[in-house]
Amino acid sequence: MNKSVDLPNKTDEELWDVRIPGGPFSDFPGAVLFVERNGNVSRANEQADLLCTFIKRGGSEEYRDALQSALSGRAAQVNPLLVREGKDEDSRVLGAFDLALLPWSDGASALLLGRNITLERNLRAALIESRQRYRDLLEAACDFAWETDKEGKISFITPEGGVGFSAAELSGSDALSLFADPSSIVTNPFSSKVPCEEEEIWVKDSFGDERCLLVTSMPLWGDRRIWHGNRGFCRDITKLRHDELLRANEIHRERVYNRILEIARSEMVPMRMLGSVASCLIPALPVDAVMISHFNGDVWQAVAEEGEALQLDAIARVQAAMEMGETVYQETSSDGVLVAVSAKFRGQVNGSICLWRKGERVSWSRGEGELLERIQVQIGISLQQYGHHKELQALSSTDPLTGLLNRRHFEHLLDGFIEDNLGDERTHLLLYLDLDNFKYVNDAYGHQEGDKVLKDFAEILKSKTRRNDWISRLGGDEFVLFLPVVPEGEAQGKAQDLLDALIPAFSRKDDPKWSLSASIGGYLFSAQKSTNLSDLLEHADEAMYRVKRSGKNGVYVVKEKNDEVD
């Protein structure tokens, strides 16, 4: 009988043919049903409805084996018996029973007693799932969990260990030994008696590399509020911090690059622009020295320097590498690291950016290198502008034939010198120099040979004067020299030495008529309020013409008030 029916009451012993003190199965708290040898349910209570449906549908192999055992006189159990929505093993479970199958009526039928464990099973499954979820959440939230004792030693750690160490290596070790710099600790979350939430600490892993951990911990209190250690978990955020640092550096480098572009756009004078860029790079990278150099294809010139002075031999190595076509040059020593990149304009090297970072074990990051690669284009443009600016200055201030100062620029410099040194009692020497018999050279050999003589003459003057002396070609075969800070006792000798140095250029073995010489007139003066540039030039010119009138090829130097210098 498949339909669920009421079981007989306690007094209906005749129908049940079972005598149990206190009454038959009507008090059983679960499913009760009888199954005949043909497999049909003959009687069942209400709690057995789900089982009746299961049996009517054919049951399961496990159930059929147990039923056959009961009908053969042997008790059997199915724990648990799962009643599913369909026959498929993956279908939803509608109920679960602990099912006992007992022989009944001498094997004519079987008594089935089932305890519904659906709720219990669901609760157990929910608990297992909850625990698994907790473990999953814990694993997601942290890399390892731990406990320490009151001595600060690790008494428990998750089986995987942490920061490259195995659980066995960490167990029993002092948590303090993990810190990268124990002296910098403000709060030790492994021994803190107050809760710590996401305390950031730096430790060293098994390879000696620094790792950043985010630590959450709780103190463990026993009876009578006795503290006996801490419990918590750690999350490795090294990559996060590293990525944050990379991003911050990237933003910083972008700001530096934009600042350099702003300088390039706002500063029209190339020299000032390059100086501002060098000043910007010192704190921005940061470095200890910056040198930006210009290269005209022949000579290197430092045009902007900031910070400490670079060693000359290091600069020479950089320049040699750049001339050989190197784009990037780097050398590392115990004192620091030197990095240089070439500056180019239209594919041609026109300078370099040289940087020095001092200290032991310092490095140069890829991002910093990329920043230099970006700014080297702008530096190359600025160096090209600097070169053009320098050429224009040279054209406007120098004599195109000899490369000496032209008259206008010489007078401008001398006028500024007088103004800057007013009241200084030191004496200075102004020399006028005129080539004698130069007309013969032009007439006999042509202006090309004459120009060569003038250029050779200019080179001799350069070689026989000091670095801070000024030389100018006034025009034709006339020259003027300014020698600052010359004592009165040395003035005549300096002029004579200059004339003596020119003597080898005055003769020519293949032409006896080649009789060049020079007349040199000098004026010794000090910078006073009454000093007038025109007067100075006039006095020196008069002294030179006095030599001319006296037979040429000589020296005559006067001092203020036209007194002759002995």
Side-chain angles (χ1 to χ4, degrees), residues 397-399 401-407 409-411 413-414 417-418 421 426-441 449-508 514-527 533 535-560 562-566:
S397 62
T398 58
D399 171 53
L401 177 65
T402 61
L404 301 177
L405 298 174
N406 59 30
R407 179 168 191 146
H409 193 58
F410 177 84
E411 291 180 353
L413 292 175
L414 184 56
F417 179 88
I418 294 170
N421 291 273
R426 293 177 299 176
T427 53
H428 317 288
L429 182 60
L430 185 66
L431 296 176
Y432 245 70
L433 189 152
D434 183 84
L435 285 179
D436 302 324
N437 307 317
F438 181 69
K439 184 176 182 299
Y440 170 79
V441 176
E449 183 67 21
D451 289 346
K452 182 179 182 305
V453 169
L454 292 175
K455 288 191 285 186
D456 292 343
F457 187 58
E459 291 301 317
I460 294 173
L461 293 178
K462 291 177 187 177
S463 66
K464 295 301 177 181
T465 51
R466 301 169 300 180
R467 188 176 181 181
N468 60 335
D469 296 337
W470 302 335
I471 313 171
S472 171
R473 181 189 176 204
L474 299 181
D477 59 350
E478 292 185 355
F479 298 82
V480 62
L481 292 82
F482 175 65
L483 286 66
V485 191
V486 176
E488 181 177 339
E490 298 178 11
Q492 183 74 22
K494 281 188 175 294
Q496 187 62 49
D497 290 343
L498 192 61
L499 180 62
D500 294 342
L502 295 170
I503 290 176
F506 291 160
S507 62
R508 184 165 177 168
W514 185 290
S515 56
L516 286 175
S517 62
S519 299
I520 301 177
Y523 185 66
L524 192 69
F525 70 97
S526 59
L533 178 60
D535 292 341
L536 294 179
L537 296 172
E538 184 178 346
H539 290 320
D541 189 39
E542 288 176 357
M544 183 270 294
Y545 273 105
R546 181 167 178 173
V547 176
K548 287 273 191 185
R549 291 191 295 267
S550 301
K552 305 178 182 180
N553 194 27
V555 171
Y556 182 70
V557 179
V558 296
K559 61 181 180 180
E560 290 171 307
N562 291 329
D563 294 331
E564 184 178 353
V565 176
D566 297 330

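We count residues from 1, following the sequence as given.
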Do [X] and [Y] have side chains that approach each other closer than 4.5 Å (heavy atoms only, starting at C-beta)?
X: N406; Y: T398; result: no
X: R426; Y: N421; result: yes
X: T402; Y: L404; result: yes
X: L413; Y: L405; result: yes
X: L498; Y: L433; result: yes
X: L537; Y: D535; result: no

Walk me through it: do V555 and V547 pass the test side chain to side chain contact (heavy atoms under 4.5 Å, CB included)? CA-CA 6 Å; V555 171; V547 176; 5.7 Å; no

Just to verify, what does Y432 make a ring pair (Phe, Tyr, Trp, His ring centres under 6.0 Å) with, not counting sequence neighbours?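 Testing Y432 for ring pair (Phe, Tyr, Trp, His ring centres under 6.0 Å), a comparison that skips the adjacent residues, returns none.
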
Can you list everything that forms a ring pair (Phe, Tyr, Trp, His ring centres under 6.0 Å) with F417? Sequence neighbours excluded, please.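 Applying ring pair (Phe, Tyr, Trp, His ring centres under 6.0 Å) to F417 gives H428, F482.
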
Just distance, no hydrogens or angles: give the donor-acceptor pairs under 3.5 Å from side chains in residues 515-522, sequence neighbours left out.
unit_1	atom_1	unit_2	atom_2	d
S515	OG	K513	O	3.4
S517	OG	D436	OD2	2.7
S519	OG	D436	OD1	3.0
S519	OG	D436	OD2	3.1

If every non-hydrogen atom of [X] is compared with every non-hydrogen atom of [Y], which pair is closest and at what distance?
X: L502; Y: L461; result: CD2-CD2, 4.4 Å
X: T427; Y: P487; result: OG1-CA, 3.7 Å
X: L524; Y: V486; result: CD1-O, 3.7 Å
X: L481; Y: F410; result: C-CZ, 4.4 Å
X: G450; Y: V441; result: CA-CG1, 3.9 Å
X: I418; Y: A527; result: O-CB, 3.9 Å

Gap between atom [atom2] of [Y] and atom [atom1] of [X] - 0.5 Å precision:
X: L454; Y: F479; atom1: CG; atom2: CZ; answer: 5.0 Å
X: H409; Y: W470; atom1: NE2; atom2: CH2; answer: 8.5 Å
X: L536; Y: D541; atom1: CG; atom2: CG; answer: 12.5 Å
X: Q492; Y: Y556; atom1: CD; atom2: OH; answer: 9.5 Å
X: T465; Y: L431; atom1: OG1; atom2: CG; answer: 10.5 Å
X: K464; Y: I471; atom1: NZ; atom2: CD1; answer: 12.5 Å

Please list, chain by chain and in numerical order, all residues satisfying salt bridge (charged side-chain N to carboxylate O under 4.0 Å, His left out) with [X], sequence neighbours excluded.
X: E490; value: none
X: E538; value: none
X: K552; value: none

Looking at P484, is its backbone amide N or carbonyl O close enough to the side chain of R466 to form a donor-acceptor pair, meaning the two atoms are under 3.5 Å apart?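 Yes.
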
When you measure from the side chain of D497 to the backbone of K494, do you find a donor-acceptor pair of N or O atoms at a distance under 3.5 Å?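 Judged by distance alone, no pair lies under 3.5 Å.
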
Strictly below 4.0 Å, N to O, side chains only: are [X] and [Y] in salt-bridge contact?
X: E542; Y: R546; answer: no
X: K452; Y: E449; answer: no
X: D451; Y: K455; answer: no
X: E478; Y: R473; answer: no

Verify the neighbour count for atom NZ of K462: are there more than 12 heavy atoms of other residues, nucleotides or ligands below 6.0 Å?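 Atom NZ in K462 is crowded, with more than 12 foreign heavy atoms closer than 6.0 Å.
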
Check the pair L429, Y523 against side chain to side chain contact (heavy atoms under 4.5 Å, CB included), reporting the backbone distance first and the verdict last. CA-CA 6 Å; L429 182 60; Y523 185 66; 6.0 Å; no

